[in-house]
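Step one of this worksheet: look at the structure below.
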Amino acid sequence: MSTPLFPAHLLPPPPPSLAADLLIRSLERDDHLHGHMQVLNVLSPTPDITPDAYHAIFDDMARRPETYYTIVILSVPTSQILATSTLLLERKHLRSGGLVGHIEDVAVSSLAQGRGLGKLLITTLTGLAEGLGCYKVILDCARDNVGFYEKCGFWEKEVEMVQYF
Ligand code: ACO
């Protein structure tokens, strides 16, 4: 078995309604073989990278324990990843050293959109964040996706600002 990014027992139990042909699990070191990069293409053009480069990114994340929690939803019969997202933990001095969860890179393969997988990613990551002790979970998104996140229990607060280098 390929190495998981984080232990499986941290994930909240899957919903009883989860289809038998779907599996929610941690990202694994060899998930380049299961279409992880192709799914990320729906977010922005993601050129394929070599297996060595993929492993280097995974290893860099794994060297920062209790920080990166990337999950995938896999089609069991095909072993293809249909959806993925990452929870990133931030330790604060505020709130007596409270933890904030950041949800990043939410992506559902274009063929699998509209089947509840996006919502399943978000409920899994918010459950994970709560279980890990976060006092809140935040994310940035395009105006077009506000309705989706509202359906997942989020509400609008403040604005995102950015500088690119
Ligand atoms: N606006 C409003 N409502 C929406 C939207 C939207 N853009 N997308 C889905 N919904 C609704 C659905 O109709 C559904 O409603 P229902 O519960 O009443 O039936 C509910 O939200 C859940 O929809 P899902 O089927 O779970 O959505 P899906 O699996 O298609 O995932 C997602 C949504 C993640 C936006 C997907 O379309 C996608 O990957 N898009 C391209 C990449 C992207 O924009 N990712 C988000 C980036 S923001 C970030 O990463 C923090």
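Note that the structure is a prediction, hence the values are computed from the model and not measured. Just so you know, ligand 1 is whichever comes first in the structure, and atom 1 is the first atom listed for that ligand.
Taking distance alone, with nitrogen or oxygen atoms compared against 3.5 Å, Lys151 approaches ligand 1 more closely than that limit. Geometrically, ligand 1 and Ala107 share no nitrogen or oxygen pair separated by less than 3.5 Å. Between Lys119 and ligand 1, at least one N/O pair is under 3.5 Å apart. Taking only nitrogen or oxygen atoms, main chain and side chain alike, Ile103 does not reach within less than 3.5 Å of ligand 1. Any N or O atom pair closer than 3.5 Å counts here, and Gly118 shares at least one such pair with ligand 1. For ligand 1, one of its N or O atoms has an N or O atom of Gly114 under 3.5 Å away.
Side chain of Thr84 to backbone of Thr70: no donor-acceptor contact under 3.5 angstrom is found. Asp31 places a side-chain N or O within donor-acceptor distance of the main-chain N or O of Glu28, the cut-off being under 3.5 Å.
Residue Gly116 has at least one heavy-atom neighbour below 4.0 Å for each of these atoms of ligand 1: 24 (P), 25 (O), 26 (O). Atoms of ligand 1 found under 4.0 Å from any heavy atom of Leu117, numbered from 1 in the order shown, are 26 (O), 29 (O). Each of the following atoms of ligand 1 lies closer than 4.0 Å to a heavy atom of Arg115: 25 (O).
Going from atom OG1 of Thr86 over to atom CD1 of Ile103 covers 10.0 Å, rounded to the nearest 0.5 Å.
Every ring pair (Phe, Tyr, Trp, His ring centres under 6.0 Å) that Tyr54 has, sequence neighbours left out, goes to His32, His36.
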